[in-house]
Amino acid sequence: MSIIADTTRRGWKSQLLRHPNFLIGTVLTGMLILVALVSLVWTPHAFDAVAITQRMQGPSAAHWLGTDHFGRDIATRLMIGASNSIMVGVVAVGIGLVIGVSLGLLAAARGGWVDDLVARGSDVVFAFPAIVSAILITAIFGPGAVNAIIAIGIFNVPVFARVARGAARQVWGQEYARAGLAIGKSPSAVTRDHILPNIAPVLIVQATIQFAVAILAEAALAYLGLGTQPPAPSWGRMLFDAQTFMTLDPKLAILPGLAIALAVLGLNLLGDGLRDALDPRLRTERIG
Amino acid sequence: MLTYLARRVLVLLVTLLVASLAIFIVLEVLPGDAALLILGIEAQDDTLAALRTQMGLDRPAALRYLAWIGGLASGTTGISHTYDVPVSQLIGERLTLTVPLALIALLVSTLIAIPLGMFAATRRGRPGDYGVMGFSQIGMAIPNFWFAILSILIFAVALGWFPASGFPGWDAGLGTALWALVLPALSLALPEAAILARVTRTSVLDTLGADYVRTARAKGLAPRRVLWGHVLRNALIPMTTIIGLQFAFLLAGSIVIEAVFALPGVGRLIFQAVSQRDLVVLRDVILLLVTLVVVVNFLVDVAYTAIDPRTRRGS
């Protein structure tokens with residue numbers, strides 16, 4: 001991971017447009033956000049409208065993607081699942097960003113034992129994969145969307161702490177950061193004025209990737225019954241329900257998985273494209 | 001090297017101690033009364049009291065923590081509430097499934113990823129490269145449990161080649177047992193293979209530009225020998241780190257995959273312990289997983305340092 005501190009930004013917009021990864025990523029992520037926003041004000045049906053007589057129907061004018069084993073509209077449930085995924089991603093990444101970046105910046109600015117403490121603390125939290133900390137939290141506080149989000153957020157903290165620390169240490173090595181101290185600015189003022197703006201691109205790229213990771217993790221937790229609880233729709237839970245009925249109706253198992261894969265693919269491609277455009281040093285490693 | 005090793009072992013032990021303390025606090029201090037949590041609010045007073053005594057809940061938390069860690073250090077574990085056997089026995093049985101599963105997945109992922117990554121690197125910017133990178137992007141985006149469900153649908157239900165779920169046990173014969181692990185191992189391996197293929201491609205590309213590769217070519221070595229003998233061997237160094245990290249991810253991933261295929265492994269045990277609120281099992285299994293993650297990372301770091309002495313400074 002590196003920084004754009006001393007490189008020209010000229011033409012980064014045209015750079016972005018030349019990257020097919022970035023374009024595809026933007027379109028897929030844009031669709032995800034659009035669908036989620038629309039679901040907040042309108043869905044084709046109520047997400048919990050049960051109609052047993054119309055169970056497991058194929059696509060029709062009334063039900064664009066057909067109905068599930070309770071006769072509920074799949075398109076509606078996928079739309080609300082999108083907003084659920086985005087909410088999980090935003091909060092879980094937000095927790096990681098706020099706490100992790102603060103710790104990383106502090107470690108880089110103070111050095112010494114503070115730095116050691118943050119680095120060793122990150123090691124400890126890293127030893128708990130998101131799913132394991134989610135299981136720990138669930139065992140005590142019960143399953144639910146909020147606890148799943150907190151678990152994924154905790155997992156994100158050391159990720160951002162490490163990225164922020166590494167990038168901030170690079171900027172601290174630059175003359176202009178040292179010059180800030182020399183003219184009498186406090187370390188926190190230098191961090192605010194020079195360090196944070198310069199590491200922002202790295203953080204944005206990492207946030208995009210972690211967003212994708214959060215969506216995957218929440219889906220896995222919901223599949224295990226440790227995330228969003230029924231009847232609220234979530235893509236992971238829809239896949240769990242589908243497993244019982246998929247021999248009768250394979251689309252139940254295909255559509256929610258496709259939704260997850262497209263959302264994650266879009267965010268990963270967007271993150272890759274942003275990294276290529278914002279970080280010229282890494283671009284050389286990619287398809288040129 | 002020895003000082004370095006001693007320091008790393010110390011860090012490892014401290015990490016494990018802090019992690020175990022975190023597990024203990026979350027599972028036994030935060031809930032207040034662990035016995036009430038396990039038995040539920042409708043439990044009888046005398047049952048509660050009996051369980052409290054059995055778990056030693058009448059003692060201070062610090063003592064209970066020391067008893068737990070001391071017990072583990074001397075090889076004794078608590079008794080599971082649901083199975084009424086020592087936790088070590090439960091975990092031991094389940095490990096005979098989960099560890100082979102993770103190792104097979106690791107092997108499959110490496111066997112898929114290294115040829116693909118090298119293929120892409122040697123065809124940089126050409127259709128073969130784009131094809132592999134496309135596969136990698138898709139592989140990373142597909143949730144492993146969705147891939148598992150689809151593979152059941154196709155290869156177990158529609159084609160009938162593999163069992164849809166369950167594990168016959170190693171007693172059923174090596175072939176039969178391994179056959180039941182094919183789909184789970186593939187599901188675990190796919191996302192890891194996608195990541196590893198990317199890393200392989202990048203590190204092979206990095207190595208291809210090195211001076212010694214040019215020298216090897218200049219002295220007339222066959223391209224194939226340069227690629228496998230010089231390039232891959234050097235590119236393996238960064239790849240070792242990723243492969244080591246992946247073992248930890250595979251263990252965590254097995255929690256979901258074992259649930260999809262109803263396999264009686266450690267992942268399934270942890271999951272059952274949550275639903276049955278078997279805290280005695282839970283704390284040991286989670287500590288085991290965390291220990292495996294930390295120890296594997298430690299071994300990777302040490303191996304890395306042994307291979308490449310340049311990394312010893314500054315760590």
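In what follows, every heavy atom counts, from backbone to side chain, and hydrogens, waters and symmetry copies are set aside. Proteins come first, then strands; the chains are lettered A, B, ... in the order of their sequence lines, and each starts at number 1.
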Q. Which region of B:Val294, side chain (C-beta onward) or backbone (N, CA, C, O), has a non-hydrogen atom less than 4.5 Å from a non-hydrogen atom of chain A, or is it both or neither?
A. side chain

Q. Under a 4.5 Å heavy-atom cutoff, which of A:Ile260, A:Leu224, A:Val132, A:Leu226 has the most pairs with chain B?
A. A:Leu224

Q.
Please determine whether salt bridge (charged side-chain N to carboxylate O under 4.0 Å, His left out) holds for the pair A:Asp241 and A:Arg77, giving the CA-CA distance in whole Å, both sets of side-chain angles, and the decisive distance to 0.1 Å.
A. CA-CA 13 Å; A:Asp241 293 339; A:Arg77 296 181 66 79; 5.3 Å; no

Q: Considering only heavy atoms and a distance below 4.5 Å, find which of B:Ala273, B:Ala158, B:Ala120, B:Ala252 pairs most often with chain A.
A: B:Ala252

Q) Between A:His69 and A:Phe245, what is the ring plane arrangement, given parallel below 30°, perpendicular above 60°, and tilted in between? A) parallel

Q: Find the one option among A:Ile215, A:Leu258, A:Leu269 whose heavy-atom pairs under 4.5 Å with chain B are most numerous.
A: A:Leu258

Q | Other residues, nucleotides, ligands: >12 heavy atoms within 6.0 Å of A:Phe240 CZ | A | no

Q.
Between A:Ala263, A:Gly225, A:Pro129, A:Ala220, who has the most heavy-atom pairs with chain B when the cutoff is under 4.5 Å?
A. A:Ala220

Q.
Under the criterion salt bridge (charged side-chain N to carboxylate O under 4.0 Å, His left out), I'd like the reasoning laid out for B:Asp129 against B:Arg126: C-alpha separation, chi angles, the key distance, then a yes or no.
A. CA-CA 5 Å; B:Asp129 186 18; B:Arg126 286 192 271 158; over 6 Å; no

**Q.** Atom of B:Val256, atom of B:Phe145 and distance for their closest heavy-atom approach
**A.** CG1-CB, 3.5 Å

Q | Engaged part of A:Leu262 at the chain B interface, taking heavy atoms whose separation is under 4.5 Å | A | neither

**Q.** Distance in Å, A:Gln243 CD paired with B:Ile152 CD1, rounded so as to fall on 0.5 Å steps
**A.** 5.0 Å

Q: Give a yes-or-no answer on whether the side chains of B:Thr82 and B:Asp278 include a donor-acceptor pair shorter than 3.5 Å.
A: yes

Q: Tell me, out of A:Leu216, A:Asn268, A:Leu239, A:Ile131, who's got the most heavy-atom pairs with chain B below 4.5 Å.
A: A:Leu239

**Q.** B:Val14, part contacting chain A, at a heavy-atom distance under 4.5 Å
**A.** neither

Q: Would you mind telling me which of A:Leu265, A:Val125, A:Ile140, A:Ile135 has the largest number of heavy-atom pairs within less than 4.5 Å of chain B?
A: A:Ile140

Q.
Hydrogens and angles aside, do B:Gln137 and A:Asn21 bring a side-chain donor and acceptor to less than 3.5 Å of each other?
A. no

Q: Using non-hydrogen atoms and a 4.5 Å limit, figure out which bit of B:Val157 sits close to chain A: side chain, backbone, both or neither.
A: side chain

Q. Given a strict heavy-atom distance threshold of 4.5 Å, which part of B:Ile255 is in contact with chain A: side chain, backbone, both, or neither?
A. both

(Q) Does any backbone or side-chain atom of A:Ala212 lie under 4.5 Å from a heavy atom of chain B? Answer side chain, backbone, both or neither. (A) neither

Q | chain A contact via B:Leu150 - side chain, backbone, both or neither, heavy atoms under 4.5 Å | A | side chain

Q) With distance as the sole criterion, is a donor-acceptor pair present between the side chains of A:Asn84 and A:Trp235 under 3.5 Å? A) no

Q. In terms of heavy-atom pairs under 4.5 Å, which option from A:Thr138, A:Val124, A:Ile137 contacts chain B the most?
A. A:Val124

Q. So which of B:Val290, B:Val274, B:Leu279 has the biggest tally of heavy-atom pairs under 4.5 Å with chain A?
A. B:Val290

Q) Looking at B:Leu16, B:Leu251, B:Ile149, which one has more heavy-atom pairs under 4.5 Å with chain A than the rest? A) B:Ile149

Q) Relative to each other, are the rings of B:Phe155 and B:Phe162 parallel, tilted or perpendicular (30° and 60° limits)? A) perpendicular

